[in-house]
K.L.:
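Before we start, here is the structure in question, set down as structure tokens.
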Amino acid sequence: MSARNFARTGRKIVAIGRNYSEHAKELGNAVPTAPFFFLKPVSSYVESPGKIEIPQGCIVHHEVELGVVIGKSGRNIAESAAYEHISGYALALDLTARNLQDEAKKKGLPWSAAKGFDTFTPVGPFISATEIPDPHKARLWIEVAGQMKQNGTTDAMIFRIPQLIHHISRIMTLEEGDLVLTGTPKGVGPISPGDSVVAGLEYQGQELSRIKFDAVART
């Protein structure tokens with residue numbers, strides 16, 4: 001089943017931008033009135049436990065997210081049918097070279113370089129959809145160097161997952177094994193070489209996923 005092995009067989013990563021209002025505000029961005037997304041290469045996957053590579057000259061920020069794993073391909077998916085296309089979930093980090101992103105935004109250029117480095121999508125194992133009946137009731141957290149940096153709940157999403165699936169699939173076909181990153185709560189910040197990064201996903205008080213990565217300088 002390719003959905004279960006999404007990090008090895010998936011064809012694309014679709015990442016939703018600014019889907020938590022407090023995160024948008026902390027970076028001085030306007031809160032969106034409609035969903036928008038960008039793409040990340042599957043070569044940016046790194047599975048836990050593993051190493052996050054920090055490129056020289058980059059200020060790399062962590063963004064902890066709930067990933068939605070597509071289990072059935074589709075296009076023009078109605079919101080009412082969205083969950084039929086979801087096989088499961090995964091805890092993920094959307095790493096960002098913030099200085100490169102800020103520079104690209106000022107010039108009106110794409111964010112691909114800032115988001116697409118190798119190891120910039122650390123992920124945990126597949127979690128069956130049956131273990132998370134309501135994905136808007138999950139808790140996400142991340143610690144960097146032993147300090148809690150982000151700790152939020154998915155009920156704060158501006159745009160709910162069915163709306164995201166509908167929006168994306170009106171533009172491009174969502175295929176089995178694709179991962180949709182649904183946005184990050186407030187508290188993003190830097191990761192430096194030598195840092196230990198630990199993140200978790202909880203549902204109704206039960207920890208479903210914990211991932212660990214060591215940050216190293218990219219060579």
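Counting begins at 1 with the first residue of the sequence.
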K.L.:
Taking only Lys NZ, Arg NE, NH1 and NH2, and the carboxylate oxygens of Asp or Glu, determine whether R8 and E47 approach each other closer than 4.0 Å.
P.N.:
yes
K.L.:
Do V14 and F38 come close enough that some side-chain heavy atom pair is under 4.5 Å?
P.N.:
no
K.L.:
If you apply the rule side-chain hydrogen bond (donor to acceptor under 3.5 Å, both in side chains), what do you find for Q163 with R160, and how did you get there?
P.N.:
CA-CA 5 Å; Q163 186 175 358; R160 300 288 175 156; over 6 Å; no
K.L.:
Answer whether the closest heavy-atom distance between the side chains of E63 and R98 falls below 4.5 Å.
P.N.:
yes
K.L.:
Output side-chain donor-acceptor pairs under 3.5 Å for residues 107-116, partner residues at least two apart or in another chain, one line each.
P.N.:
| unit_1 | atom_1 | unit_2 | atom_2 | d |
| --- | --- | --- | --- | --- |
| K115 | NZ | D94 | OD2 | 2.8 |
| K115 | NZ | T96 | OG1 | 2.7 |

K.L.:
With no hydrogens and no angle check, just 3.5 Å: does a side-chain donor-acceptor pair link K40 and T121?
P.N.:
yes
K.L.:
Transitively linked via ILVMFWY side-chain contacts under 4.5 Å: V60 with V198?
P.N.:
no
K.L.:
Roughly how far, to the nearest 0.5 Å, is the CD1 atom of I70 from the NZ atom of K72?
P.N.:
11.0 Å
K.L.:
Which atoms form the tightest heavy-atom contact between W141 and E207, and what is the distance?
P.N.:
CZ2-OE1, 3.9 Å
K.L.:
Would you say I59 ends up clustered with V64 if hydrophobic residues are merged whenever their side chains have heavy atoms under 4.5 Å apart, either directly or through other cluster members?
P.N.:
no
K.L.:
Would you call I52 and L95 a side-chain contact if the rule is heavy atoms closer than 4.5 Å?
P.N.:
yes
K.L.:
Would you say the side chain of V123 lies within less than 4.5 Å of the side chain of I211, judging by non-hydrogen atoms?
P.N.:
no
K.L.:
Checking side-chain contact (heavy atoms from CB on, under 4.5 Å) for the pair I142/L93: CA distance, chi angles, key distance, verdict?
P.N.:
CA-CA 9 Å; I142 185 170; L93 306 182; 3.8 Å; yes
K.L.:
Given the rule in the side-chain contact (heavy atoms from CB on, under 4.5 Å) test, do R75 and R170 qualify, once you have shown the distances and angles that lead to the verdict?
P.N.:
CA-CA 6 Å; R75 63 190 295 240; R170 289 177 61 211; over 6 Å; no
K.L.:
Salt bridge check: are E103 and K106 linked by an N-O gap of less than 4.0 Å?
P.N.:
no
K.L.:
Check F159 against P32 and note the closest heavy-atom contact, atom names and distance.
P.N.:
CZ-O, 3.6 Å
